[in-house]
**Q** 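Input: one structure, supplied below.
Proteins get letters first, then strands, A, B, ... in listed order; numbering begins at 1 in each.
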Amino acid sequence: NAGVMQNPRHLVRRRGQEARLRCSPVKGHSHVYWYRQLPEEGLKFMVYLQKENIIDESGMPKERFSAEFPKEGPSILRIQQVVRGDSAAYFCASSPDLGTGNQPQHFGDGTRLSIL
Amino acid sequence: GENVEQHPSTLSVQEGDSAVIKCTYSDSASNYFPWYKQELGKRPQLIIDIRSNVGEKKDQRIAVTLNKTAKHFSLHITETQPEDSAVYFCAASNSFNKFYFGSGTKLNVKP
């Protein structure tokens, strides 16, 4: 039973380039969440998506950042024109349908983004 | 929005002792409180969770308590072992499953 799969594990970009991070949720999970983590810090919520819909993007910068979770394929977090401050670990998590209440979120191994 | 505070930021205990990590939250609508363990360079892993209709939950050496009136919840680890060394995060969530994480506690268990 595969867990949340993120790729790539490490991504190096130069300033001004685009970074594209991919996340495949646990099979059967329809809710995806993206978090950002700086060294020695906690997890900061960025965006919450269901299939083909953005539910909450209140933690995501309005400029340069976008996210999608298409009907087919993985969820994508896209960062355009990257800057040094974008360097961080980006974690994706998924959960099943909420059903009768909140559900645990299962995390992937993260993508460590480094900006040169 | 919700604000979760976590204390202490670092905790050092001797192997075999107990460790307690405390969190407070601000939003009375929060009703789900998971705890995650993150080892260096690895993914956060759920270790225990509690819902607002329960005051305490235990799983072997790990227990979580919740005080809804005071809006705080705590993680208790008994008989600590070196492999318990990691960063622990608490979180609070409302009905929309949006998680607000604490800033983390770095636990060091000395052999």
Side-chain angles (χ1 to χ4, degrees), chain A residues 2-7 9-10 21 23-26 29-50 53-60 88-114, chain B residues 1-10 21 23-25 27 29-54 57 59 62 64 66 73 86-108:
Chain A
V4 176
M5 303 298 290
Q6 286 188 251
N7 67 81
R9 289 294 309 277
H10 300 274
L21 288 60
C23 169
S24 295
V26 173
H29 286 190
S30 57
H31 299 245
V32 165
Y33 315 80
W34 285 92
Y35 294 87
R36 171 186 160 114
Q37 186 178 38
L38 292 171
E40 308 283 319
E41 293 190 12
L43 295 147
K44 300 296 184 192
F45 168 82
M46 297 182 73
V47 62
Y48 167 19
L49 310 105
Q50 290 183 27
N53 287 307
I54 295 176
I55 306 301
D56 185 335
E57 55 182 348
S58 59
M60 197 162 65
Y90 292 85
F91 285 93
C92 170
S94 73
S95 71
D97 282 335
L98 300 189
T100 55
N102 299 80
Q103 299 294 329
Q105 293 181 15
H106 301 267
F107 282 81
D109 286 327
T111 293
R112 273 117 187 114
L113 176 64
S114 298
Chain B
E2 174 66 278
N3 181 42
V4 177
E5 294 192 355
Q6 183 172 346
H7 300 280
S9 56
T10 58
I21 302 171
C23 289
T24 60
Y25 62 99
D27 187 355
S30 289
N31 56 17
Y32 176 66
F33 307 91
W35 286 87
Y36 286 83
K37 174 183 180 182
Q38 187 178 29
E39 296 176 13
L40 189 63
K42 297 197 174 177
R43 68 176 73 186
Q45 291 196 303
L46 179 74
I47 55 171
I48 197 167
D49 57 7
I50 191 167
R51 299 182 189 274
S52 58
N53 58 349
V54 175
K57 184 176 178 181
D59 182 4
I62 293 173
V64 58
L66 171 65
F73 55 114
V87 179
Y88 291 80
F89 293 98
C90 64
S93 176
N94 58 23
S95 300
F96 300 101
N97 223 47
K98 182 175 174 179
F99 285 17
Y100 296 86
F101 282 89
S103 53
T105 296
K106 188 172 184 179
L107 174 64
N108 178 34

**Q** Identify which part of B/Pro44 has an atom lying under 4.5 Å from any heavy atom of chain A, answering side chain, backbone, both or neither.
**A** both
**Q** Given heavy-atom pairs under 4.5 angstrom as the criterion, report whether the side chain, backbone, both or neither of B/Phe99 touches chain A.
**A** both
**Q** Of the backbone (N, CA, C, O) and the side chain (C-beta and beyond), which part of A/Asp56 lies under 4.5 Å from a heavy atom of chain B, both, or neither?
**A** side chain
**Q** So B/Tyr25 and B/Cys90, side-chain contact (heavy atoms from CB on, under 4.5 Å) or not? Walk me through it.
**A** CA-CA 10 Å; B/Tyr25 62 99; B/Cys90 64; over 6 Å; no
**Q** Measuring only between side-chain heavy atoms, which start at C-beta, is B/Tyr100 closer than 4.5 Å to B/Asp27?
**A** no
**Q** What residue in A/Gly42, A/Ala89, A/Gly59 has the most heavy-atom pairs under 4.5 Å with chain B?
**A** A/Gly42
**Q** For B/Leu66 and B/Phe33, run side-chain contact (heavy atoms from CB on, under 4.5 Å): C-alpha distance rounded to whole Å, both residues' side-chain angles, the deciding distance at 0.1 Å, then the answer.
**A** CA-CA 9 Å; B/Leu66 171 65; B/Phe33 307 91; 3.8 Å; yes
**Q** With only heavy atoms counted, which part of A/Gln37 is less than 4.5 Å from chain B, the side chain, the backbone, both or neither?
**A** side chain
**Q** For B/Tyr36, is it the side chain, the backbone, both or neither that has a heavy atom under 4.5 Å from a heavy atom of chain A?
**A** side chain
**Q** Any idea which of A/Ile55, A/Val4, A/Asp109 has the most non-hydrogen atom pairs under 4.5 angstrom with chain B?
**A** A/Asp109
**Q** To the closest 0.5 Å, what do you measure between CZ (B/Phe101) and CD (A/Gln105)?
**A** 6.0 Å
**Q** Given that the side chain runs from C-beta out, which part of B/Asn97 has a heavy atom under 4.5 Å from chain A: side chain, backbone, both or neither?
**A** both
**Q** Ignoring hydrogens and angles, state whether a donor on the side chain of B/Tyr32 or B/Arg51 is under 3.5 Å from an acceptor on the partner side chain.
**A** no
**Q** Select one option (side chain, backbone, both, neither) describing which atoms of B/Ser103 are under 4.5 Å from chain A's heavy atoms.
**A** backbone
**Q** In terms of relative ring orientation, are A/Tyr35 and A/Phe107 parallel, tilted or perpendicular, with 30° and 60° separating the classes?
**A** tilted
**Q** Run the numbers on B/Trp35 and B/Cys23 for side-chain contact (heavy atoms from CB on, under 4.5 Å), then give the verdict.
**A** CA-CA 10 Å; B/Trp35 286 87; B/Cys23 289; 3.5 Å; yes
**Q** Just give me the residue among B/Gln38, B/Gln6, B/Gln45 that pairs up with chain A most often, heavy atom to heavy atom, under 4.5 Å.
**A** B/Gln38
